[in-house]
Amino acid sequence: MELWDDQQETITKLDGLLAQGRRRIIVQAPTGFGKTLVATSLLRRELEQSTSVLFVVPVIALIDQTIASLNSLRVDD
């Protein structure tokens, strides 16, 4: 799945913050922005680099959406 420009820009900004040593980062965006897709893309990238990842879903209602997003990007580890 291809990311929108705004989503890719968000990932680039996150990468920059992580490179600065920041570890407690919050991404705030409106409903429909694709925050789960952005997170899934980051998770997949990290897992491909054999990095341990913990992903927490704050609302039970988002579990199905998150699982569908992980499955769509073939993140299954």
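On a predicted model such as this, the values are computed, not experimentally measured, just so you know.
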**OP:** Give the minimum heavy-atom separation between Leu37 and Ser69, together with the two atoms involved.
**Re:** CA-OG, 3.9 Å
Original post:
Under the salt bridge (Lys or Arg N to Asp or Glu O under 4.0 Å) test, which residues partner Asp15, sequence neighbours left out?
Top reply: Arg45
**OP:** Determine, stepwise, if the pair Val27 / Val38 fulfils side-chain contact (heavy atoms from CB on, under 4.5 Å).
**Re:** CA-CA 10 Å; Val27 174; Val38 168; 5.9 Å; no
Subject >> Rounded distance [0.5 Å steps], CG in Leu3 versus CD1 in Ile11 >> reply: 4.5 Å
Subject >> Non-neighbouring partners of Ala68 that pass side chain to side chain contact (heavy atoms under 4.5 Å, CB included), sequence neighbours left out >> reply: none
**OP:** Would you please name every residue forming a side chain to side chain contact (heavy atoms under 4.5 Å, CB included) with Thr51, sequence neighbours left out?
**Re:** Glu46, Gln49
Original post:
Where is the tightest heavy-atom contact between Trp4 and Phe33, given as atom of each residue plus distance?
Top reply: CZ3-O, 3.3 Å
Subject >> salt bridge (charged side-chain N to carboxylate O under 4.0 Å, His left out) contacts touching residues 48-72 (sequence neighbours left out) >> reply: Arg44-Glu48
Original post:
Got a donor-acceptor contact below 3.5 angstrom from the Lys35 side chain to the Ala29 backbone?
Top reply: yes
Original post:
Measuring from Thr36:OG1 to Ile67:CD1, what's the distance to the nearest 0.5 Å?
Top reply: 11.5 Å
**OP:** Can you sort out the partners of Leu18 under side chain to side chain contact (heavy atoms under 4.5 Å, CB included), two or more places apart, ordered by chain and number?
**Re:** Arg23, Ile25
Subject >> With Val57 via side chain to side chain contact (heavy atoms under 4.5 Å, CB included) - residues at least two apart >> reply: Phe55, Leu62, Ile63, Thr66
**OP:** Please answer whether the main-chain N or O of Gln8 pairs with a side-chain N or O of Thr12 as donor and acceptor at a distance below 3.5 Å.
**Re:** yes
